[in-house]
Amino acid sequence: MLVCMASNQQTRPGIGELAKDIARGRIGVVMGEVGGRVQIRPIGGGPEWDALPDDVVAPSAREELSARLAIKNGNSRDGL
């Protein structure tokens, strides 16, 4: 679900898309929205966390690449 914001802002990432929680400085995948909070799961898996909708933005290309690379490096260290 993409939610429109003010005309000078981008839309918030939808379910299944990468998102950055600017309050925590973390990047993950949007899993849903419940009770006015956005649920985000780390890219490599793990427990979801709740974020305020205004704190959820699309990551920059550099942030996305960095997050994906960290997961790949972790997987290769673990032999996956």
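Side chains included, hydrogens not; waters and symmetry mates left out as well; all remaining heavy atoms used. Please read all numbers here as calculations on a predicted model, not as lab measurements.
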Subject >> Nearest heavy-atom neighbours spanning V38 and P53 >> reply: CG2-CA, 4.0 Å
Subject >> Close side-chain approach of P13 and L18, heavy atoms under 4.5 Å >> reply: no
**OP:** For the residue pair R37 and L52, establish whether any side-chain heavy-atom pair is separated by less than 4.5 Å.
**Re:** yes
Original post:
In Å, rounded to the nearest 0.5 Å, how long is the span from CH2 of W49 to CZ of R26?
Top reply: 4.0 Å
Original post:
CD1 of I43 to CD1 of I71: how many Å apart, nearest 0.5 Å?
Top reply: 6.0 Å
**OP:** State yes or no: do I22 and I27 share one hydrophobic cluster built from I, L, V, M, F, W and Y residues joined by side-chain heavy-atom distances below 4.5 Å, directly or via other members?
**Re:** no
Original post:
Can you find a pair of side-chain heavy atoms, one from R12 and one from V30, that are under 4.5 Å apart?
Top reply: no
Original post:
How many angstroms lie between CD in Q39 and CD1 in I15, if you round to the nearest 0.5 Å?
Top reply: 9.0 Å
Subject >> Nearest atoms (heavy-atom pairs only) where V56 meets A51 >> reply: CG2-CB, 3.7 Å
Subject >> From D50 atom CG to E33 atom CD, the distance as rounded to the nearest 0.5 Å >> reply: 10.5 Å
